[in-house]
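See structure below.
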Amino acid sequence: MTPLVNLLVFVALLLTLLLVWRQSRPARLRLFVAQSAVLALLALTIGLFAGRRGLVAVAAVFLLVKVWIIPRVLARIAAQLPVRPVTPGRSAGLAVLGAGALVVLAYVIMLPVVGAADPARRLPTTGAIPLAFAITLIGLALCVTGRDALGQILGFLALENGIFALALLATWGLPGLVEAGVFLDVLVVVLIMEGVVVELRREHDSLDVDRLRELRG
Amino acid sequence: MTLVLLLLVPALAAAVLVRARGAAARLVHGAAAAGTVAAGLRVAAEGLGGPAPVALDGLLRVDALSAWMVGLIALVSGLAAAEAPRYAEREGPTRFYPLFHLFVFTMLLAVTTDDIGLMWVAVEGTTLASVFLVGFERTRASLEASYKYLLICSVGIAMAFVGTVLVYFADVHLLAAGGAGEPPALRWTALSALAPRLPGPVLQVAFVFLLVGYGTKAGLVPMHTWLPDAHGEAPAPVSALMSGVLLSVGVYALLRFTPIVDAAVGPGFARRLLLGLGLASMAVAAAFLWTPRDYKRMLAYSSVEHIGVVCLGLGFGGAWGTAGALLHVANHALAKSTLFLLAGRIRAAYGSTEIAAVRGLLTALPGTGRGFLVAMLALLGLPPFGLFTSEVLIFGAGFAGGAGSAVVAAAGLGCLLLAFGGLLRALGGMLHGPAPALAPGARGPGALVALALGLLVLTGLAWPPGLAGALERIAAVVGAR
């Protein structure tokens with residue numbers, strides 16, 4: 001199971017790096033969907049190999065929420081926008097380099113955590129924790145540096161996906177109540193975001209966050 | 001039983017109020033608010049006085065620390081609810097009432113659940129319930145504030161989830177190792193029993209994430225950037241709830257983890273981090289408070305400062321520091337929610353939140369002006385009000401705690417003085433000067449303001465019987481020695 005799990009998390013990380021690289025909105029949406037699908041597969045893999053029925057259900061719900069519902073909402077937000085941001089792009093090469101540095105940072109932060117687990121008893125998926133954490137960090141960076149609301153939301157969703165992978169690898173599934181709460185939370189956040197963004201758009205005629213400068217001091 | 005009722009009342013009220021309109025809505029709102037206050041005070045008394053009430057198979061558990069928070073949320077939500085109709089019923093059908101009660105429900109759930117996973121869900125729920133309340137006025141500024149609030153708090157709270165997962169990871173690993181029969185759980189009671197055996201390095205990393213995450217909710221610098229916008233733009237009852245108790249719910253969540261981290265890592269680690277962030281919050285807030293322009297934002301920055309004071313108290317630790325910090329949470333909640341409610345009335349009368357636009361408050365609105373003056377004096381930490389007592393306790397603990405903490409305490413006092421000067425100047429400008437002719441109808445019931453200020457004098461002058469014992473019991477939960 002370990003090689004398959006490592007491969008899946010690695011593919012998810014690669015997709016996250018591509019998310020940093022690409023500028024076109026539909027392409028980035030497709031990358032997010034692909035990343036989510038890979039993570040659903042990860043949950044299914046761990047569920048089947050470890051014999052945890054609950055994780056199979058989690059994979060199904062994850063697929064429904066992240067691959068079906070949320071991309072539709074995102075597409076609704078993006079529908080009224082041009083395919084590429086109007087402002088000239090920054091160098092994506094530099095951003096990918098930064099993302100690479102974040103992968104290193106993820107290892108630096110998470111190695112003590114992985115090392116603290118007794119090798120004789122730790123879960124066989126523990127080794128991939130830093131990779132999942134790297135997805136989280138890159139998502140955070142995307143969210144902070146996002147130039148429009150859609151970019152920020154995509155960053156937030158990548159971050160959420162990273163945490164989902166982290167929780168899967170570290171614990172093989174959280175208690176059902178918490179898992180359900182997290183799914184509901186992500187869904188509601190995205191729906192509220194849509195509501196707020198639509199209102200903001202009506203006021204500003206743009207999703208550019210540089211226009212959000214009313215509140216100072 | 002009362003415990004389940006406490007959560008059921010606001011949850012049901014929120015569901016019913018989605019459909020209710022007009023006078024019926026106001027009636028349900030009033031009844032639900034009264035029910036929440038009554039059940040909350042009852043549960044608080046039970047939890048503070050004796051063994052922790054438990055419900056739903058241990059999922060809900062109110063020990064002394066939870067009881068303290070439940071009591072506060074009940075009181076402040078009562079104050080805010082009394083002021084709410086003025087804001088809720090301005091035009092057409094409103095989402096204000098259902099979201100208000102949902103907001104109260106999520107806060108109550110966060111402090112009464114024993115499950116740290118569910119606590120996380122509830123704390124995130126507080127954000128989701130209050131986003132539309134912050135943007136309620138639908139102006140450009142309030143929409144911007146609600147967007148920032150949702151994004152920053154969601155990202156922040158996601159960090160707290162990483163921390164929670166890591167704590168669970170430590171727990172799972174330990175239980176798999178020990179071969180204990182019980183399934184691993186995220187129950188706080190189980191975790192604190194296991195705490196001394198949890199792996200230190202994991203808990204260290206976990207606590208940093210928890211501090212960033214719940215610190216965002218608590219409004220600690222540098223994660224505070226959403227706070228002045230949201231508190232400044234939200235309608236007054238919502239600002240009162242956010243500043244008065246929502247920030248403290250963030251601190252509460254951290255407090256649940258400090259004893260576990262202390263037991264696993266040793267007591268110095270969490271305290272040093274709390275002292276650092278507390279002092280940073282006080283310094284940044286003091287810098288803004290020196291020259292405030294907008295009185296609602298001024299009150300918001302003052303909240304950042306006071307959360308900093310609370311963190312200093314928790315960082316100094318010991319019986320004094322911890323008791324002082326918890327007392328300060330309560331005192332600040334009462335003073336700040338009163339001030340925000342009065343600020344809402346001032347805004348309604350003057351039509352502006354600029355400090356420069358408000359002149360002659362004492363002559364134009366004598367009742368509101370006097371209340372604002374007294375509540376500000378309380379907030380500034382002057383005797384005979386409770387904030388004086390709690391600040392003396394906190395800084396006393398700092399100066400008694402060795403050279404390092406004495407330096408931190410001295411720096412903190414410096415920030416307090418700086419903020420004191422700025423706030424006093426702004427207050428003086430608002431109270432005096434020529435009074436403009438104002439639109440009528442900006443008055444409100446003075447009895448509740450008087451009640452809140454009376455409670456503040458009570459915690460300042462003569463502690464009611466049982467308060468000292470209650471604080472001692474809370475300090476025991478937090479693990480202060």
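Computed from a prediction, not measured in an experiment: that's the story for all the values here. So you know, we letter chains A, B, ... as the sequences are listed, proteins then strands, and number each from 1.
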Residues Leu166(B), Met110(A); criterion side chain to side chain contact (heavy atoms under 4.5 Å, CB included); working and verdict: CA-CA 10 Å; Leu166(B) 289 178; Met110(A) 280 299 159; 3.9 Å; yes
Worked check of ring-ring contact (aromatic ring centres under 6.0 Å, His included) between Phe209(B) and Phe133(A): CA-CA 12 Å; Phe209(B) 281 105; Phe133(A) 186 61; 5.4 Å; yes
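Of the two parts of Leu59(B), only the side chain, counted from C-beta on, holds a non-hydrogen atom closer than 4.5 Å to a non-hydrogen atom of chain A. Both the backbone and the side chain of Val155(B) come within less than 4.5 Å of a heavy atom of chain A. In this structure, the portion of Leu140(A) lying under 4.5 Å from any heavy atom of chain B is its side chain and not its backbone. Interface residue Asp115(B): only side-chain heavy atoms are found under 4.5 Å from chain A.
Within the model, atoms CD1 of Ile153(A) and CG of Leu151(B) stand 8.0 Å from one another, a figure rounded to the nearest 0.5 Å.
In this structure the side chain of Phe169(B) never reaches within 4.5 angstrom of the side chain of Leu166(A), judged on heavy atoms. Residues Met193(A) and Tyr147(B) have side chains in contact (heavy-atom distance under 4.5 Å, counting atoms from C-beta outward). Side-chain contact between Met159(B) and Leu159(A): present, with at least one pair of heavy atoms (C-beta onward) separated by less than 4.5 Å. Annotation: side chain of Glu124(B) is in contact with side chain of Val189(A) (closest heavy-atom distance under 4.5 Å). Side-chain contact between Val113(A) and Pro201(B) is absent, with no heavy atoms from C-beta onward closer than 4.5 Å. Under the 4.5 Å side-chain criterion, counting only non-hydrogen atoms from C-beta, Asp171(B) is not in contact with Thr171(A).
For Asp185(A), there are no side-chain hydrogen bond (donor to acceptor under 3.5 Å, both in side chains) partners two or more places apart in sequence or in a different chain. Qualifying side-chain hydrogen bond (donor to acceptor under 3.5 Å, both in side chains) partners for Arg256(B), counting only residues two or more places apart in sequence or in other chains: Asp63(B), Ser66(B), Tyr252(B).
Between Val196(A) and Ser146(B), the shortest heavy-atom distance links the atoms CG1-OG, 4.2 Å. Minimum heavy-atom separation, Ile163(A) to Ala158(B): CD1-O, 3.3 Å. Looking at every heavy atom in both residues, Pro175(A) comes nearest to Leu186(B) through CD-CD1, 3.8 Å. Heavy-atom minimum distance, Gly117(B) versus Val178(A): CA-CG2, 3.6 Å.
Counting heavy-atom pairs under 4.5 Å between each of Thr164(B), Val162(B), Ile157(B), Ile152(B) and chain A puts Val162(B) at the top. Most heavy-atom pairs under 4.5 Å with chain A: of the set Val202(B), Val121(B), Leu143(B), this distinction falls to Leu143(B).
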